[in-house]
Asker: 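My questions all concern the structure below.
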Amino acid sequence: MGERAVKNVLISGASIAGPALAFWLTRYGINTTVVEKSSSLRGGGYPIDIRGTALDAVERMGLYPQMRAAHVDSQSIAFVDEHGAVIAKIDPEAITGGVRGTDVEIRRGDIATILYAATKDKADYKFNDSIASLDEHADRVDVTFVSGDIGTYDIVIGADGLHSNTRSLIFGHESQFEKYIGFCFAGFTVPNTFGLDRGALAYTLPGKNAVVYATNDGGQVYAFLVFRYPTSPFRKSVAEEDKRKLTASMFEGVDGWIVPQLVEDMRKAEDLFFDAVSQIHMPTWSRRRIVLAGDATHATSFLSGQGSSIALVGAYILAGEIATKPDYSSAFEAYEKLMRPFAEMNQALVETGKSIMIPDTQQELEARNEMLRKMAEEPIGKIFRKDDARQVHRRQVHSALTLPDYS
Ligand SMILES: Cc1cc2nc3c(=O)[nH]c(=O)nc-3n(C[C@H](O)[C@H](O)[C@H](O)COP(=O)(O)OP(=O)(O)OC[C@H]3O[C@@H](n4cnc5c(N)ncnc54)[C@H](O)[C@@H]3O)c2cc1C
């Protein structure tokens, strides 16, 4: 039986890529269901940046003003020593290559909430459920959900993140595609007892970093502990308590700054987010009627600072290709052709992120601190220097793709 145009889509995952896809697919008149394993949309969380080509995607959605209204507007990152004394206080854009006044820095949960609010009346959201099995036929995919529900769709999009369920069901175990960057990340919220206002404080040791980050969240700030670890703990399943134990053990004996307090807070945190710092590299992004989007396809890791941005861009392109190509397979092909080089360029940004956030040795840490001291001599807000190849390169990569028009 031949292929038919796409009319009915199932998306797995309601974070950033999933609702952004739902936005565009429903706009093109395609019936869209989004299945999310959590019982509700997850709010709060760490701040992410939307910049470069992704700003164009958000503008085209008409959601830029709402996102900008939730802008965190960090003014500085202060790198401190073990006594809390400032080594260097710099403009965040000096590291990210971002554009002040235009980019959006927003909590991950806020962007998800904005995307969900814009789509909840048009797409069918199915919380507290997950795909149990996918049965592909020449003209459809039959889906059985964990709840026992069943559904039939023309295509299924896996937008279910780094540890994608859809990817595992179709392409096999994550370890085949995971590029472990060598670190683990534990993030959680703590009371803002630092008087921190629109900025971050970071204390770095070789292979470790402890950070608190103001997020415009009333009396709360976002804290994270990052540490080098030899193998990805997610090669096997990790119990919740073991994530806390592992993080605490990696900071044992670190008495500098407020690390002992942060470790205590992490042990008790109700919103602990623990993950490997990993990327996903796939030889192909689709198989027959199943296609991947966002982190499930091309996770970049937080050290690139670009995961959400490229998820938004990819959603625009995948939905646009599905709506305008005569069949799903040519749409998937065009999507991968356009997006893959952009995603891979952004994944490569991880190297500079790593050298600034978590230098490996004492010598590298001292060299980094020296570089930060020099940067700090620039007046805040005027840090972008055309002669700084690293900053120029990051900016070019953020905007390396021009969005096609699908209208
Ligand atoms: C600390 C940190 C800082 C970051 N900073 C930045 C930044 O500055 N800029 C930036 O652009 N990016 C940043 N990122 C990356 C960014 O968070 C991700 O790239 C982005 O969230 C990817 O969106 P996604 O929708 O593809 O996947 P995710 O946000 O991972 O969402 C996947 C969704 O799928 C759901 N799900 C999982 N399994 C199932 C299942 N079996 N069935 C149904 N649903 C399922 C999950 O519950 C979740 O809702 C950062 C990441 C981290 C961890």
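First listed ligand is number 1; within each ligand, the first listed atom is number 1.
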Asker: Restricting to ring pair (Phe, Tyr, Trp, His ring centres under 6.0 Å), what partner residues turn up for Tyr335, sequence neighbours left out?
Answerer: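 With neighbours one apart ignored, the set is Trp285.
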Asker: Give the protein residues with at least one non-hydrogen atom closer than 4.0 Å to an atom of ligand 1, ordered by chain and number.
Answerer: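 Lining ligand 1 at under 4.0 Å, by heavy atoms, one finds Ser12, Gly13, Ala14, Ser15, Ile16, Ala17, Val35, Glu36, Lys37, Ser38, Arg42, Tyr46, Pro47, Ile48, Asp49, Arg108, Asp129, Ser130, Ala159, Asp160, Gly161, Asn165, Phe185, Phe273, Gly294, Asp295, Phe302, Gly305, Gln306, Gly307, Ser308, Ser309.
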Asker: With side-chain contact (heavy atoms from CB on, under 4.5 Å) as the test, pick out the partner of Thr26 among Thr32, Asn31, Asp121.
Answerer: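 The residue from Thr32, Asn31, Asp121 that satisfies side-chain contact (heavy atoms from CB on, under 4.5 Å) with Thr26 turns out to be Thr32.
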Asker: Do Tyr406 and Tyr28 have ring centroids that are under 6.0 Å from one another?
Answerer: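 They do not qualify: ring centres at least 6.0 Å apart.
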Asker: Between Phe224 and Phe185, is the gap from one ring center to the other below 6.0 Å?
Answerer: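 Ring-ring flag for Phe224/Phe185: true, centres closer than 6.0 Å.
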Asker: Indicate, with yes or no, if the rings of Phe183 and Phe227 have centres closer together than 6.0 Å.
Answerer: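 That pair fails the under 6.0 Å test.
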Asker: For Arg167 and Glu174, run salt bridge (Lys or Arg N to Asp or Glu O under 4.0 Å): C-alpha distance rounded to whole Å, both residues' side-chain angles, the deciding distance at 0.1 Å, then the answer.
Answerer: CA-CA 8 Å; Arg167 192 185 56 226; Glu174 183 171 317; 3.5 Å; yes
